[in-house]
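Notes to accompany the following structure.
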Amino acid sequence: MNEQWILHGLQVVLVMGMLAMGWLYTRHLRANNLNWLTGGWKGFLIGLVTDFGDTIGVGSFATTTAAFKMTNYLDDDRDLPGTINAVHAIPTMVEALFFLTAVQIDWPTFIVMTIASILGALIGPRLTAHWDAQKVRRALAYMLVLAALVMIYNIFFLPDPSVTKHALVGWQLWVGALFNFTLGILMTLGLGNYTPELIFFSLMGMSPLVAFPVMMVNSAAVMSTAALGFVKTHRLQWRGLGSIILGGIVGVVLAATLVKNIDMTILRYGIVILSLWTAYGLFKETQNVAKAAKALQDENVE
């Protein structure tokens, strides 16, 4: 009975969150003489593709940024962070709503890891204010490569993760809490939580599907909060927002159905590929930032 109350409570919060965000967006769209269909098929397809990828664990920030650049969708690149958070807030809540019922959840594990992540995100801005983001990205990239190698070993030499194990108990729960607390801190530096969550649960000998409710709820909380901040400061583009959200919701439904029925071996291989791809992206980002800093330094010297 208590578990049902928790589930229904979370579902109510997510639905109310979606309705509140929808009402807020509708009000601002009307104020800008726009509607939910402004943006047409271009916006719809961007939302569908990016949120499809987000639901299967790829994430949405990099793919949405690339899509905006390829289609010249934004009028001002300074609106990029706010627009990304705004267009994906509602689809991410749909993701969370779906996986709360599509995957068997151990509520103590879910609650402990979610609270740990939120606490990390709360103290993250102050704690990471003077951290070297470059070193953090590089360290995380190395850890992802190492984790991918461990998973490759597990795939070939260890049996498939137990589909009946859905809980972290004892020392594993403490490790999970510490892991998600740290991950919550790193999220404030702009680092994603999907790939690390998938790897962690896999290395704990569990089905990676167990990670989906945790990471989706965490992401929904962070993105919706960030979106509200960007709306208040007018740092986003309203044109095309509605069509991207509608496409995103369709993408979530399609991808969630796929993930729910995916073969576990395929999912494990997918996580390895995703880990290496994410590590590559982090290495590339550190190089790009270093090159930009060097170019700026050379320009100042001249």
*asked:* Are Ile115 and Ile118 packed together at the side-chain level, in the sense that at least one heavy-atom pair is separated by less than 4.5 angstrom?
replied: no
*Is Val15 linked to Ile90 within one hydrophobic cluster, defined over Ile, Leu, Val, Met, Phe, Trp and Tyr using a side-chain heavy-atom separation of less than 4.5 Å?*
yes
*Knowing that exactly one of Phe201, Phe200, Trp174 qualifies, which makes a ring-ring contact (aromatic ring centres under 6.0 Å, His included) with Phe179?*
Phe200
*Counting only N and O atoms by type, is there a donor-acceptor contact under 3.5 Å from the side chain of Asn32 to the main-chain atoms of His28?*
yes
*Where is the tightest heavy-atom contact between Pro91 and Val87, given as atom of each residue plus distance?*
CD-O, 3.3 Å
*Interatomic distance, Met204 atom CE to Gln172 atom CD [nearest 0.5 angstrom]*: 5.5 Å
*Got Phe52 and Ile56 here, is their nearest side-chain heavy-atom distance under 4.5 Å?*
yes
*Spell out, as yes or no, whether a donor-acceptor pair under 3.5 Å connects the side chain of Ser224 to the backbone of Ala89.*
no
*Are side-chain heavy atoms of Phe68 and Thr83 found at a separation under 4.5 Å?*
yes
*Quick one: are Ser117 and Phe181 in side-chain contact, heavy atoms under 4.5 Å?*
no
*Minimum-distance pair of heavy atoms, taken over all atoms of Ala67 and Ile46*: CB-CG2, 4.0 Å
*When hydrophobic residues are tied together by side-chain contacts of less than 4.5 Å, even through go-betweens, does Val13 share a cluster with Leu97?*
no
*Same apolar cluster (I L V M F W Y, side chains within < 4.5 Å links), Leu236/Leu34*: yes
_Value rounded to 0.5 Å, distance of CD in Glu95 from CG in Leu100_ = 11.5 Å
_Heavy-atom pair with the smallest gap, counting every atom of Trp36 and Thr26_ = NE1-OG1, 2.9 Å
*If every non-hydrogen atom of Val214 is compared with every non-hydrogen atom of Met113, which pair is closest and at what distance?*
CG1-CB, 4.2 Å
*Do Thr55 and Leu258 come within less than 4.5 Å of each other through their side chains, counting heavy atoms only?*
no
*Answer yes if Leu168 and Val175 sit in the same cluster of Ile, Leu, Val, Met, Phe, Trp and Tyr residues linked by side chain heavy atoms under 4.5 Å apart, and no otherwise.*
yes
Distance-only donor-acceptor pairs under 3.5 Å for side chains of residues 241-250, two or more places apart:
from, atom 1, to, atom 2, distance (Å)
Ser243, OG, Thr38, O, 3.2
Ser243, OG, Gly240, O, 3.0

*Hey, are the side chains of Leu37 and Phe44 touching, using non-hydrogen atoms and a 4.5 Å cut-off?*
no
*Do the non-hydrogen side-chain atoms of Glu197 and Asn180 ever get within less than 4.5 Å of each other?*
yes
_Considering all heavy atoms, the nearest Met21-Leu228 contact_ = SD-CD2, 3.8 Å
*Would you kindly say whether His88 and Asp51 are connected by a side-chain donor-acceptor distance under 3.5 Å?*
yes
*Of all the heavy-atom pairs spanning Arg239 and Tyr73, show the shortest one and how long it is.*
NH2-O, 2.9 Å
*Does one hydrophobic cluster hold both Leu173 and Trp107, with members joined at side-chain heavy-atom distances below 4.5 Å?*
yes
*Report yes if the side chains of Val253 and Phe98 come closer than 4.5 Å at any heavy-atom pair, otherwise no.*
no
